[in-house]
Amino acid sequence: MSDQKTIVLKIKRRADQESPAYWEEFEIPYRPAMNVISCLMEIRKNPVTRDGKATSAPVWEMNCLENVCGSCTMLMNGKVGQSCATLVDNLTQPISLEPMSKFPTIKDLAVDRSRMFANLKKIRAWIPIDGTYDLGPGPRIAERDRQEAYEFARCMTCGSCLEACPQVSEHSNFIGPAAIGQVRLFNSHPTGAMTKEERLEAISGADGVTSCGNAQNCVKACPKQIPLTEAIAEMNRDVTLYKFKQFFRGK
Amino acid sequence: MVTVASNTKPKVIVVGGGLAGLMTTIQIAEAGVPVDLFSFVPVKRSHSVCAQGGINGAVNTKGEGDSPYEHLDDTIYGGDFLANQSPVKHMCDHAPGIINLLDRMGVMFNRTGEGLLDFRRFGGTQYHRTAYAGATTGQQLLYALDEQTRRHEVEGKVVKHEFWEFLGIVKDDDGACKGIIAQDLRTMMIQEFRADAVVLATGGPGIIYNRSTNSVMNTGTAASAVYQQGAKYANGEFIQVHPTAIPGMDKLRLMSESARGEGGRVWVPRTPGDKRRGEAIPEAERFYFLEEKYPAYGNLVPRDIATREIFAMCVDEKMGVFGENQVYLDLTHLDKKQIDIKLGGILEIYEKFIGEDPRTTPMRIFPAVHYSMGGLWVDFVKDNTSGGLVVGDPRNQMTNIMGLYAVGECEYQYHGANRLGANSLLSCLTAGQMTGPGVATYVKHLPKSVDDLPASLFEREKKVRQVQYEKLAASVGTENPYKLHEELGDVMTANVTVVRYNDRLKATDAKIQELQERVERVSIADNSSWTNQLIPFTRQLKNMLHLSRAVTLGALARDESRGAHYKPDFPKRDDARFLKSTIAEWTSDGPKLSYEDVDTSLIKPRLRNYAAEKNESETAAPEAESVKEKLVVSTNTSHGTNGANGKESFGTGLTGATRQEMQIAAGADANGSGDQLSTRPPEARRDSPYSLGAKEEIRIADDNWLTGANDAADADPAKASNPVSVEGEKLVSTR
Ligand SMILES: Cc1cc2nc3c(=O)[nH]c(=O)nc-3n(C[C@H](O)[C@H](O)[C@H](O)COP(=O)(O)OP(=O)(O)OC[C@H]3O[C@@H](n4cnc5c(N)ncnc54)[C@H](O)[C@@H]3O)c2cc1C
Ligand code: SF4
Ligand code: FES
């Protein structure tokens with residue numbers, strides 16, 4: 001593909017959540033090692049469609065440009081991923097760009113992921129420290145446990161796993177794999193474990209971990225290779241155990 | 001001194017949710033004062049997430065005898081003595097505590113076999129002082145603070161305003177800051193917000209160079225906005241160019257210094273233009289130039305030095321890999337499993353974007369714009385007993401505008417002329433930790449609440465911003481703001497980075513002024529009133545242009561070489577004239593420059609020489625006059641003196657300081673100017689690569705690499721037409 005002199009992109013546009021979507025095609029010069037975001041940057045310098053019509057520059061989100069902030073997630077040729085880390089050479093043309101479908105569209109390629117941040121509140125995704133004053137070092141952790149936890153700590157709330165999950169839709173309230181992975185993270189920390197029941201409670205309802213249909217798409221979609229299905233299985237067990245205990249405590 | 005809190009309903013605004021902003025927010029919330037937190041993006045996506053290598057703190061777990069004093073000395077020495085020393089001492093003293101706190105917050109720092117935090121080496125030190133979480137330390141730290149902030153949010157102490165842009169502050173009739181004007185980037189509504197104090201934690205300005213290692217939001221727009229409202233901007237010319245990044249059309253991606261901290265080696269083939277792949281070149285035919293020239297520090301010399309060496313190796317000596325501007329950063333000799341654990345994040349980036357495996361193939365890298373040592377001028381209050389700062393004093397980190405604070409990369413306080421790796425995350429956090437209580441004290445003791453101020457004050461300022469926006473939205477013309485930005489980035493990168501010449505700096509300033517005219521003629525093809533990205537970007541571009549002038553003219557006026565600022569025509573550090581912070585004040589005719597003494601009360605300035613062990617290299621003492629100056633802590637502040645109690649003697653616990661002084665005294669020499677070795681090693685200087693004839697090549701090299709641009713015409717001094725203000729130079733000569 002690298003002998004092609006231009007790149008053709010089809011971009012799904014939409015003024016806002018209420019407006020109808022439409023497609024626009026753009027053609028830009030090819031340069032080696034381009035990622036999808038550099039194509040979008042090229043377009044905004046000269047927002048003219050392939051058939052010569054002046055238009056507005058497409059709207060999208062980005063920040064870090066190195067696959068660590070999670071902003072730029074979108075569908076590229078129908079597949080979810082980070083547009084900063086997706087190289088044009090790995091995509092067949094024309095390249096189609098669409099916003100994620102499981103979140104409300106803000107505009108063009110930008111979507112509203114506030115639901116994910118709300119879920120982090122719901123599961124109390126933090127270590128409940130007493131305060132920031134000097135209390136000496138934290139608990140000792142074995143390096144092996146640290147490595148396992150670190151994998152979950154890399155979740156950048158990008159939404160790929162939710163987009164890929166058949167159980168997630170605009171009409172279902174399934175909390176989704178990312179949040180379950182975070183429960184796993186905080187519950188395995190020595191201090192976090194002291195309040196693990198709160199987090200298990202948060203994912204024990206109908207929209208919680210039991211909503212998982214075991215399609216295993218999330219783990220394939222996750223750009224950080226977070227072992228989400230393992231976390232879901234573990235948390236499922238923990239929730240069952242927790243409910244069991246609750247039952248015998250008469251709660 | 002007011003002792004009883006008089007303002008019963010204080011509130012604070014923090015702008016920016018990177019490490020600095022979040023730490024400040026948490027501290028203020030903990031002090032019981034409600035916080036409104038503003039950010040362009042969900043704070044979890046702030047630029048701090050990019051930081052890779054680690055955070056410094058002399059926890060001394062390796063039996064090396066490290067101490068906060070050594071950390072202080074390394075930082076001051078690495079910064080070529082331009083940093084005020086009391087704040088740096090505060091930072092280093094509080095570093096171990098910060099690392100402990102992060103550990104308690106659940107940061108998944110790498111561990112030792114005993115389950116303790118592990119530490120690795122970084123540039124500019126010989127100790128294992130850097131705590132790290134793989135090679136995504138910034139992400140892990142930011143997430144920990146994001147989580148704690150969310151907890152305060154749930155408890156109702158913090159209200160987040162994400163997808164909002166700060167446009168400017170509101171001042172009362174006495175000139176004190178009483179709130180902000182901001183714009184919702186979805187509805188595009190411009191609104192006023194009241195606060196008893198405002199903290200800016202808006203990060204660095206790397207994007208004035210267009211392509212850098214920075215995130216796209218790092219335009220410095222907020223700092224520029226308040227600079228135009230009267231805040232002083234200090235040491236703008238000190239821009240760090242990181243030695244090791246990989247090129248890209250959209251971004252120059254960093255390969256963290258931790259790669260060298262873990263044993264990575266920088267080299268070029270001994271035969272220029274060697275066609276073999278790096279892994280095929282035998283050991284004897286490799287030139288490990290940093291190790292050879294700097295035996296004491298080797299690959300871990302500070303960044304300014306490594307960058308100049310790599311630059312010289314490629315541009316002057318033509319020794320770059322495959323004849324191009326790139327050198328090898330080699331990890332292939334290291335244990336693959338270990339580097340996966342310790343450097344996984346950056347290995348992933350290299351693989352993803354370059355398509356080669358750095359475990360088996362040496363990486364090809366080149367310098368890139370990375371960090372700004374300069375930033376908003378802030379105050380500090382020295383504690384004469386500890387040599388550090390008076391903790392809790394509301395003047396710490398306050399700009400020259402009463403009630404306006406700055407923390408993090410947007411201020412200038414901690415890194416002097418060159419920042420040491422892994423000290424930035426630290427300075428963001430220690431400053432945030434200190435500022436929180438100071439701000440809380442300030443707002444609680446104000447004689448009246450901001451709510452007592454008339455609405456007209458805020459309405460007026462809101463109107464100004466609305467009119468600005470509407471005028472921009474109606475702009476018709478032929479210029480595209482993204483293209484203008486590219487031109488700015490190209491000229492800044494070509495002329496205001498590694499090697500600086502006065503004629504080119506003047507030409508750069510002329511070019512910036514030309515861009516300032518052209519930006520008035522942008523075509524706003526999209527004036528939709530829902531999630532408009534074009535108009536805010538254009539507004540930011542205007543702010544970037546103002547800041548770029550402060551950076552460029554600061555560089556023009558500073559006729560010496562110090563840290564990251566290197567002028568071949570003035571190759572020595574000149575303490576007599578320039579052991580001073582540059583202060584830029586905005587005027588409608590461009591920046592007005594003045595100079596402020598540096599607090600050198602703890603460590604006497606000495607030569608930098610990284611070829612030798614640190615303490616063996618002290619061969620120069622400052623001139624008598626400088627010695628006198630150093631005892632006067634920076635006093636030109638708007639709120640009285642920094643030497644809070646008027647006493648300038650520092651505590652007796654400073655055995656380190658005493659030792660340093662004695663050594664200096666022993667090796668004293670009347671020559672107060674800087675060390676040539678540190679700015680250019682003799683071998684590379686030999687054939688004067690930076691003579692006029694060589695400039696052309698340097699620029700071409702820049703264009704291909706640092707900027708990726710093809711057209712250097714704009715950078716050509718001969719094409720510059722606008723007159724150049726050399727006000728800075730005049731000011732220099734008047735002192
Ligand atoms: C690739 C890379 C790697 C690095 N690695 C390290 C490292 O290993 N160790 C180290 O010590 N340092 C490192 N640094 C430097 C360090 O990451 C930064 O200096 C530091 O993170 C800056 O943090 P901050 O809190 O000041 O600002 P940022 O994290 O940049 O945050 C700025 C905040 O301000 C907000 N903001 C800005 N302007 C506005 C506005 N007008 N309106 C509303 N909100 C606004 C943004 O939304 C954001 O929330 C690295 C830097 C880079 C580029
Ligand atoms: S778990 Fe993976 S895919 Fe899901 S939000 Fe986190 S990083 Fe993205
Ligand atoms: S821009 Fe941050 S993940 Fe792509």
Side-chain angles (χ1 to χ4, degrees), chain A residues 15-16 31 33-35 37-38 41 44-47 54-57 59 61-71 84-85 87 106-107 110 113 117 120-121 124-129 131-132 134-143 146-147 149-150 153-154 156-157 185-186 189 191-192, chain B residues 26-27 30 41-42 44-47 49-50 97 100-101 103-106 108-117 133-134 136 139-140 143-144 147-148 150-151 153-154 186 215-217 248-251 253-254 341 345 348-349 352-354 433 480 482-483 486 525-526 528 530-531 533-534:
Chain A
D16 52 47
R31 304 235 207 117
M34 265 176 120
N35 55 3
I37 278 196
S38 38
M41 286 176 163
R44 74 177 180 184
K45 278 190 267 169
N46 182 24
T55 181
S56 57
V59 164
E61 279 186 61
M62 62 171 166
N63 196 27
C64 71
L65 300 183
E66 54 189 50
N67 207 10
V68 59
C69 80
S71 298
C84 69
L87 300 182
I106 295 287
K107 187 174 186 172
R113 280 171 283 194
F117 292 102
L120 292 177
K121 288 182 186 163
R124 304 179 77 77
W126 55 78
I127 300 296
I129 57 168
T132 59
D134 195 356
L135 294 175
R140 290 196 186 190
I141 298 178
E143 172 61 13
R146 197 283 309 178
Q147 284 175 25
Y150 174 68
R154 297 175 70 204
M156 53 185 184
T157 322
L185 170 66
F186 290 99
H189 185 275
T191 312
Chain B
I26 292 167
Q27 296 296 333
E30 246 183 34
V41 287
K44 191 175 182 180
R45 308 200 196 284
S46 293
H47 166 65
V49 84
C50 287
N100 283 341
L101 173 60
D103 183 22
R104 285 174 48 227
M105 288 180 177
M108 287 299 160
F109 284 121
N110 286 49
R111 306 274 161 167
T112 66
E114 207 175 317
L116 299 169
L117 301 191
T136 63
Q139 181 194 40
Q140 298 304 309
Y143 289 2
E147 290 149 10
Q148 295 299 324
R150 189 166 292 106
R151 181 182 175 199
E153 203 188 351
V154 169
R186 286 179 175 167
S215 299
V216 295
M217 276 184 329
M249 265 189 72
D250 52 334
K251 185 182 195 188
R253 296 180 175 84
L254 184 74
I341 294 171
E348 231 171 63
I349 292 176
K352 215 166 254 171
F353 291 97
I354 300 295
Q433 190 185 41
N480 175 301
Y482 298 106
K483 279 192 192 151
E486 214 168 57
D526 176 10
S528 58
W530 171 256
T531 316
Q533 293 182 329
L534 183 67

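Computed from a predicted model, the values in this text were never measured in an experiment. Numbered from 1 within each chain, the chains take letters A, B, ... in sequence-line order.
Annotation: the span from B/Arg253 atom CZ to A/Asn67 atom CG amounts to 9.5 Å, rounded to 0.5 Å. To the nearest 0.5 Å, atom CE of residue A/Met62 and atom CG of residue B/Asp250 are 8.5 Å apart. To the nearest 0.5 angstrom, A/Cys64 atom SG is 9.5 Å from B/Gln139 atom CD. With values rounded to the nearest 0.5 angstrom, B/Lys44 atom NZ is found 5.5 Å from A/Leu120 atom CG. Here the CG-OG1 distance, from A/Asp16 to B/Thr531, works out to 8.0 Å after rounding to the nearest 0.5 Å. Expressed to the nearest 0.5 Å, how far CZ of A/Arg146 lies from OG1 of B/Thr112 amounts to 11.5 Å.
The candidate with the highest count of non-hydrogen atom pairs below 4.5 Å against chain B, out of A/Ala142, A/Ala54, A/Gly136, is A/Gly136. Most heavy-atom pairs under 4.5 Å with chain A: of the set B/Val154, B/Ile354, B/Leu534, this distinction falls to B/Val154. Of the listed residues (A/Ala85, A/Ala149, A/Gly138), the one with the most heavy-atom contacts under 4.5 Å to chain B is A/Gly138. Your options are B/Cys50, B/Ser215, B/Ser528, and the one with the most heavy-atom pairs under 4.5 Å with chain A is B/Ser215. Taking B/Glu348, B/Glu486, B/Arg104 one by one and counting their heavy-atom pairs under 4.5 Å with chain A, the maximum is reached by B/Arg104. Your options are B/Glu30, B/Met105, B/Lys483, and the one with the most heavy-atom pairs under 4.5 Å with chain A is B/Glu30. Most heavy-atom pairs under 4.5 Å with chain B, from the set A/Pro139, A/Pro137, A/Ser38, A/Gly192: that is A/Pro137. When each of A/Leu185, A/Val68, A/Asp134, A/Asn46 is checked for heavy-atom pairs under 4.5 Å with chain B, A/Val68 comes out on top. Chosen from B/Leu117, B/Val41, B/Ile341, the residue pairing most often with chain A at heavy-atom distances under 4.5 Å is B/Ile341. With respect to chain B, the highest number of heavy-atom pairs below 4.5 Å among A/Ala33, A/Gly131, A/Ala57 belongs to A/Gly131. Among B/Gly113, B/Ala144, B/Gly345, B/Gly134, the residue with the largest count of heavy-atom pairs under 4.5 Å with chain A is B/Gly134. With chain B as partner, the option from A/Leu135, A/Ile37, A/Thr55 having the largest number of non-hydrogen pairs under 4.5 angstrom is A/Leu135.
Both the backbone and the side chain of A/Glu66 come within contact range of chain B, judged by heavy atoms closer than 4.5 Å. For B/Leu254, the part lying under 4.5 angstrom from a heavy atom of chain A is the backbone only. In this structure, the portions of B/Glu114 lying under 4.5 Å from any heavy atom of chain A include both its backbone and its side chain. Both the backbone and the side chain of A/Phe117 come within less than 4.5 Å of a heavy atom of chain B. Of the two parts of A/Ala15, only the backbone, made up of N, CA, C and O, holds a non-hydrogen atom closer than 4.5 Å to a non-hydrogen atom of chain B. The part of B/Ile349 that comes within reach of chain A is its side chain, from C-beta onward, which places non-hydrogen atoms under 4.5 angstrom from that chain. Residue contact with chain A, scored on non-hydrogen atoms closer than 4.5 Å, involves the side chain of B/Arg186 exclusively. For B/Asn110, the parts lying under 4.5 angstrom from a heavy atom of chain A are both the backbone and the side chain. Contact of A/Ala125 with chain B is made through the backbone alone, with heavy-atom distances under 4.5 Å. Looking at A/Arg113, the atoms closer than 4.5 Å to chain B (heavy atoms on both sides) all sit in the side chain, from C-beta outward. Contacts between A/Leu87 and chain B at a heavy-atom distance below 4.5 Å involve the side chain alone, from C-beta outward.
Taking each heavy atom of B/Val49 and A/Cys69 in turn, the nearest pair found is CG1-CB, 3.9 Å. Of all the heavy atoms in A/Ile127 and B/Gln148, the pair that sits closest is O-NE2, 2.8 Å. Residues B/Gln140 and A/Ala153 share a closest heavy-atom pair of OE1-CB, 3.0 Å. Of all the heavy atoms in A/Leu65 and B/Phe353, the pair that sits closest is O-CZ, 4.0 Å. The shortest non-hydrogen separation linking B/Gly106 to A/His189 is CA-NE2, 3.6 Å. In terms of heavy-atom proximity, A/Met156 sits nearest to B/Arg45 at O-NH1, 2.9 Å.
For the pair B/Asn480 and A/Pro47, the minimum side-chain heavy-atom distance is below 4.5 Å. Between B/Tyr482 and A/Met41 there is no side-chain heavy-atom pair separated by less than 4.5 Å.
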List the steps and the verdict of side-chain contact (heavy atoms from CB on, under 4.5 Å) for B/Arg151 and A/Ile129.
CA-CA 10 Å; B/Arg151 181 182 175 199; A/Ile129 57 168; 3.9 Å; yes

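Defined by atom type and a distance below 3.5 Å, a donor-acceptor pair is present between the side-chain atoms of B/Gln27 and A/Thr132.
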